[in-house]
Enquirer: 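My questions will all concern the structure given below.
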Amino acid sequence: MDNLVARLTHHLAAGDFDSHLALLPEYRAQVDASLSSTNDSSFREELLAAAVRQSNEWLHLAQVMRSHLVEQLITTNGEAHYHADSNQGHSIHALG
């Protein structure tokens, strides 16, 4: 599972959100399989806690990536307005 976590993290950090999303069901299946393979409730709790921590790390990374992308979009939009012809009326707006 460590290799899958590394691949998921790599895709997210690279901004390859589609690849990250495509691998999430495999990660969920591995977590489910690990949970199903044990009857030890304390081990199951550890597995779930680790999965929650990993999900929170990915959430934080996604928020950081979103922030950087919005910053780049704002910069690009400003530069586009600066360099635009007076006849061009194109603009980009970031929502959310």
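The shown structure was predicted, so the numbers you read here are calculated from the model rather than taken from an experiment. Numbers for residues simply follow the sequence, beginning at 1.
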Enquirer: Atom CG of Leu35 and atom CD of Glu45: how far apart are they, to the nearest 0.5 Å?
Expert: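 Here the rounded value is 11.0 Å.
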Enquirer: Return the OG1 to CD distance between Thr76 and Glu71, rounded to the nearest 0.5 Å.
Expert: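 These two atoms lie 10.5 Å from each other.
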Enquirer: Measuring from atom NE2 of His68 to atom CG of Leu73, what distance do you get when rounded to the nearest 0.5 angstrom?
Expert: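 Taking NE2 in His68 and CG in Leu73, the distance rounds to 14.5 Å.
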Enquirer: Nearest 0.5 angstrom please: Leu21 CG to His11 NE2, how far?
Expert: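 The CG atom of Leu21 sits 11.0 Å away from the NE2 atom of His11.
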Enquirer: After noting the C-alpha distance and the side-chain angles of Ser42 and Asp40, does the key distance pass the side chain to side chain donor-acceptor pair (under 3.5 Å) rule?
Expert: CA-CA 6 Å; Ser42 64; Asp40 183 353; 2.9 Å; yes
Enquirer: With a 3.5 Å distance limit and no angle check, can you tell me whether His20 reaches the backbone of Leu8 through a side-chain donor-acceptor pair?
Expert: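 Judged by distance alone, yes, a pair lies under 3.5 Å.
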Enquirer: With a 4.5 Å cut-off on side-chain heavy-atom distances among I, L, V, M, F, W and Y, is there a chain of contacts connecting Leu69 to Trp58?
Expert: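 Yes, Leu69 connects to Trp58 through the hydrophobic network.
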Enquirer: Got more than 12 heavy atoms from elsewhere within 6.0 Å of CG, Asn39?
Expert: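 Result for CG/Asn39: open.
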Enquirer: According to a hydrophobic-cluster definition based on side-chain heavy atoms being under 4.5 Å apart (Ile, Leu, Val, Met, Phe, Trp, Tyr only), do Leu48 and Leu59 belong together?
Expert: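 No, because Leu48 and Leu59 fall into different hydrophobic clusters, even though each may have its own neighbours under 4.5 Å.
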Enquirer: Quick check against the 3.5 Å criterion: does Ser37 have a side-chain atom that pairs as donor or acceptor with the backbone of Ser34?
Expert: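 Confirmed, Ser37 side chain pairs with Ser34 backbone.
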Enquirer: State yes or no: do Leu61 and Phe17 share one hydrophobic cluster built from I, L, V, M, F, W and Y residues joined by side-chain heavy-atom distances below 4.5 Å, directly or via other members?
Expert: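 They do share one cluster, since a chain of ILVMFWY contacts under 4.5 Å joins Leu61 to Phe17.
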Enquirer: Suppose the criterion is salt bridge (charged side-chain N to carboxylate O under 4.0 Å, His left out): which pairs have a residue in residues 27-36, not counting sequence neighbours?
Expert: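 Every salt bridge (charged side-chain N to carboxylate O under 4.0 Å, His left out) pair that includes a residue of residues 27-36, provided the two are not neighbours, is Arg28-Asp32.
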Enquirer: Over all heavy atoms of both residues, which pair between Val31 and Met1 is shortest? Give the atoms and the distance, please.
Expert: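 Looking at all heavy atoms of both residues, the closest pair is CG2-SD, 4.0 Å.
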Enquirer: Minimum heavy-atom separation for Gln54 and Thr9, please, with both atom names.
Expert: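 Minimum heavy-atom separation between Gln54 and Thr9: NE2-OG1, 4.0 Å.
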Enquirer: Which distance, rounded to the nearest 0.5 Å, do you find between the CG of Leu4 and the CG of Leu23?
Expert: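 Atom-to-atom, Leu4:CG and Leu23:CG are 6.0 Å apart.
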Enquirer: Take atom CZ of Phe43 as the centre, draw a 6.0 Å sphere, and report whether it contains more than 12 heavy atoms from other residues, nucleotides or ligands.
Expert: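 At most 12 heavy atoms, drawn from other residues, nucleotides or ligands, come within 6.0 Å of this atom.
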Enquirer: Which value, rounded to the nearest 0.5 Å, describes the distance between Leu12 atom CG and His60 atom NE2?
Expert: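 Separation between the atoms: 11.0 Å.
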Enquirer: Looking only at heavy atoms, which two atoms of Ala14 and Met65 are closest? And how far apart?
Expert: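 For Ala14 and Met65, the tightest heavy-atom pair comes out as C-CE, 4.4 Å.
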